[in-house]
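The next block holds one structure in the form of structure tokens; read it before the comments.
Since this is a predicted model, take the numbers as computed values, not measurements. Protein chains get the first letters and strands the later ones, always in sequence-line order, with residue 1 at the start of each.
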2 protein chains.
Amino acid sequence: MNIKQFSELTQVSAHTLRYYEKIGLLKQVNRTANGHRSFTAKDIDWVGFIKRLKEMGMELKKIQQYADLREQGDSTSEQRKQLLEEHVVVVENRIEVEARNLDKIKQKIQYYNKIIKN
Amino acid sequence: MNIKQFSELTQVSAHTLRYYEKIGLLKQVNRTANGHRSFTAKDIDWVGFIKRLKEMGMELKKIQQYADLREQGDSTSEQRKQLLEEHVVVVENRIEVEARNLDKIKQKIQYYNKIIKN
DNA sequence: TGTTGACTTAGAGTTAGCTCTAAGTATTAG
DNA sequence: CTAATACTTAGAGCTAACTCTAAGTCAACA
């Protein structure tokens with residue numbers, strides 16, 4: 001499958017796919033005789049996986065670490081789990097901050113309700 | 001008060017203060033005879049206000065809109081309130097996304113717990 | 001007098017994650 | 001045969017919100 005088809009299938013632009021390869025997120029992508037990238041079913045899974053981690057708000061650098069661990073095989077399961085557990089803390093902290101922000105804005109809105117009434 | 005003192009007081013770097021002035025967040029900053037900025041007590045309140053909005057996760061562009069409205073006086077209270085209410089929606093959506101992310105990661109951790117045990 | 005230090009400006013650099021451009025090659029359709 | 005299209009690469013550009021640099025002015029101190 002060429003980059004255009006793969007791009008449509010994964011909903012990731014060809015530009016971004018090349019970028020992911022450049023920064024080492026996509027490794028050992030097959031090439032045809034003329035040097036064009038040739039993607040496989042495995043690559044679909046892999047990009048799907050990257051997308052899921054991204055959706056979780058994980059940075060590409062962290063995803064790369066994860067990718068490296070995964071490449072090393074089953075022996076790194078524990079490390080990958082730890083990486084995810086670190087990310088839980090990140091997301092939990094973010095939620096806390098957002099909740100506080102929400103409170104603050106609502107207080108400010110209350111203030112406006114008061115001064116607008118009077 | 002010169003920029004250094006003001007910077008220390010507000011905990012905003014001199015660089016950033018100049019930047020805020022450039023993008024129109026800080027308006028009509030007084031100058032001394034030699035062209036140096038001279039900040040007042042009002043400016044302290046104003047920067048405090050900007051910081052609070054920033055802490056709420058509001059973008060500088062939105063804060064600028066808010067600033068413009070505030071400059072126009074009390075007649076814009078309703079519009080400012082609306083601006084904040086829009087931001088409530090933004091923050092609520094963010095919290096929802098983060099909560100879903102948290103769920104997803106925890107599921108993935110559960111998966112690792114299973115495969116590591118066996 | 002000279003040097004230290006604070007200030008000024010315009011504009012470049014940084015980070016993340018793309019997004020796009022330019023210049024070139026190769027394949028395919030009419 | 002030629003025009004359109006898809007691909008390749010290196011590298012520039014984008015956005016947000018700074019952050020820093022260079023080059024210069026000016027006042028105070030030893």
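Comparing the end axes of the helix from C:dT1-D:dA30 to C:dG30-D:dC1, each fitted to five base pairs by superposing C1' atoms of four pairs onto the next four, gives an inter-axis angle of 40° (nearest 10 degrees).
Side-chain N/O atoms of A:Tyr20 include one lying less than 4.0 angstrom from OP1 or OP2 on C:dC18. Under 4.0 angstrom from either OP1 or OP2 of D:dC20 there lies no side-chain N or O belonging to B:Tyr19. Within the 4.0 Å cut-off from OP1 or OP2 of D:dT8, at least one side-chain nitrogen or oxygen of A:Arg37 is found. An OP1 or OP2 oxygen of D:dC7 is reached within less than 4.0 angstrom by no side-chain nitrogen or oxygen of A:Asn34. For the OP1/OP2 pair of C:dA6 and a distance below 4.0 Å, the side-chain nitrogens and oxygens of B:Asn2 include no atom meeting the criterion.
B:Met58 and B:Leu84 make their closest contact through CE-CD2, 3.9 Å (heavy atoms, listed as atom of the first residue, atom of the second, distance).
We find that B:Glu55 and B:Lys51 are not joined by a salt bridge, their nearest charged nitrogen and carboxylate oxygen being 4.0 Å or further apart. A salt bridge links A:Lys106 and B:Glu92; the closest N-O separation between the charged side-chain nitrogens and carboxylate oxygens is under 4.0 Å. Using a 4.0 Å cut-off between charged nitrogen and carboxylate oxygen, B:Glu21 and B:Arg37 count as a salt-bridge pair.
In this structure, A:Phe39 atom CZ and D:dC7 atom C1' are separated by 12 Å, rounded to whole Å. The nearest whole Å value for the distance from the CD1 atom in A:Ile23 to the P atom in C:dC18 is 8 Å. Taking atom CD on B:Gln64 and atom P on D:dC18, their separation rounds to 13 Å, with Å as the unit. Rounded to an integer number of Å, the gap from CE of A:Met1 to P of D:dA6 is 17 Å.
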- [ ] Decide side-chain hydrogen bond (donor to acceptor under 3.5 Å, both in side chains) for A:Tyr112 and B:Arg80; before the verdict, give the C-alpha distance in whole Å, the side-chain angles of both, and the deciding distance to 0.1 Å.
- [x] CA-CA 8 Å; A:Tyr112 274 112; B:Arg80 276 180 271 160; 3.2 Å; yes
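As judged by a 4.0 angstrom heavy-atom cut-off over every strand, B:Ile3 is placed among residues touching the sugar-phosphate backbone only. Across all strands, A:Arg18 comes closer than 4.0 Å to base atoms (heavy-atom distances).
Atom CE in B:Met1 sits 7.5 Å away from atom OG1 in B:Thr40 (nearest 0.5 Å).
When each of B:Lys61 and B:His15 is assigned the nucleotide of DNA chain D bearing its nearest heavy atom, the one mapping closer to the 5' terminus is B:Lys61.
Ranking C:dG17, C:dT19, C:dA26 by closeness to the A:Lys54 side chain, first place goes to C:dG17. The side chain of B:His36 has C:dC7 as its nearest neighbour among C:dG17, C:dT9, C:dC7.
Aromatic ring orientation, A:Phe39 versus A:Phe6: parallel (interplanar angle below 30°, classes split at 30° and 60°).
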